[in-house]
Amino acid sequence: MVKTKIAVLVSGGGTNLQALIDAEKSGIIVSGSIALVIANNKDAYALERAKQNGIKSAIVLKKECASQLDFENKIIALIEENDIDLIVLAGFMSILSEHFTSKYDHRIINVHPSLIPSFCGQGFYGLHVHEAALSYGVKVTGATVHFVNEIPDGGEIIMQKAVEIQEGDTPETLQKRVMVEAEWKILPLSVEKISKKIIEERR
Ligand code: GAR
C-alpha cells in the first residue's frame, strides 16, 4: 500500500505532532506517514521532535517573506517538492488565506482546542481559547478536528470530543486536560480516517 504523505505545520511545543508520531509508531495511523514538518518559528520545540524521530523539517519565517502571499508560496513550494497529499495544522499559529486553502480543498486539517462553533475564529488560539471558555463559564469544552477552508475554523468538522471543566480550573490546567483527553486522541484518529479516504479515492 502506498501511504498518504503527510506534512505537519507547527509553531510551538508540538505535542500534537508528538501524538501523531506516536500514533504512527503504535499502529493507530497506518494509512499515512509523516514526511515533512514545517515550522514558522525557528525555536519551535516541534522541530526537535521531528529531528529526534528522523523526520525531515523546514522553517519558513514570515518576517523573512515579502508578503503573506510570498509566505504561503514558500510553504506551497515545500508541499509540492515533497509530494505531500495531506497537510495537518497542529498548533500552527498563522492563518492561511484562500490563496493557500483553495489549492488543497479537503486536504488540510486543523485541530482546534474547543467545541466549534464555540470559542473559535480570529483571535482564538492557544491559551486564549481556554481563557474565553473559563470566563464565559461553560461547563463542557473540548476539541475539534476540521477541514481548513478560507474561513478561520470554519471548515467541515471531522471529529469532536467533549471535556468537562472542573472546579478551580485555570487556562493552563484546562489546556492540558483538553490536550490529553481530546486533541491527542482525535487528531491521530482523524489523520488515519482522512489518509485512508485519500488512498481509497486513488483506486
Ligand atoms: C493546541 O492546543 C492546539 O489545539 C492549539 O494550540 C496548541 C498547540 O499545542 N491550536 C490552536 O489554538 C489553533 N487555533 P502543540 O504545539 O503542543 O501541539
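Numbering of ligands and ligand atoms starts at 1, following listing order. Source: prediction; values computed, not measured.
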contact_flag V10 ligand 1 heavy-atom lt 4.0 Å: no
Does the residue Q18 have a heavy-atom contact with ligand 1, meaning some pair of atoms that are separated by less than 4.0 Å? no
Which of the atoms in ligand 1, numbered in the order shown and given with their element, are less than 4.0 Å from a heavy-atom of [X]?
X    : answer
G126 : 11 (C), 12 (O)
E183 : 1 (C), 2 (O), 3 (C), 4 (O)
M179 : 1 (C), 2 (O), 9 (O), 17 (O)
F124 : 14 (N)
H112 : 14 (N)

Between I158 and I194, is there a side-chain heavy-atom distance shorter than 4.5 Å? yes
Please collect all ring pair (Phe, Tyr, Trp, His ring centres under 6.0 Å) contacts where either partner lies in residues 88-111, sequence neighbours excluded, each pair once. F100-Y104, H106-F147
Residues clustering with I116 (ILVMFWY side chains joined when closer than 4.5 Å, directly or via others): I157
Short question: side chain of N82, backbone of I84 - any donor-acceptor pair under 3.5 Å? no
Could you find the nearest protein heavy atom to [atom] and give me its residue, atom name and distance?
atom                    : answer
atom 6 (O) of ligand 1  : M93 CE, 3.1 Å
atom 8 (C) of ligand 1  : G91 CA, 3.6 Å
atom 17 (O) of ligand 1 : T15 OG1, 2.6 Å
atom 13 (C) of ligand 1 : V111 O, 4.1 Å

Flag for S97-E150: side-chain donor and acceptor within less than 3.5 Å: no
For the residue pair S11 / N40, report whether a side-chain donor-acceptor contact shorter than 3.5 Å exists. yes
E200 atom CD, neighbour heavy-atom count above 12 within 6.0 Å: yes
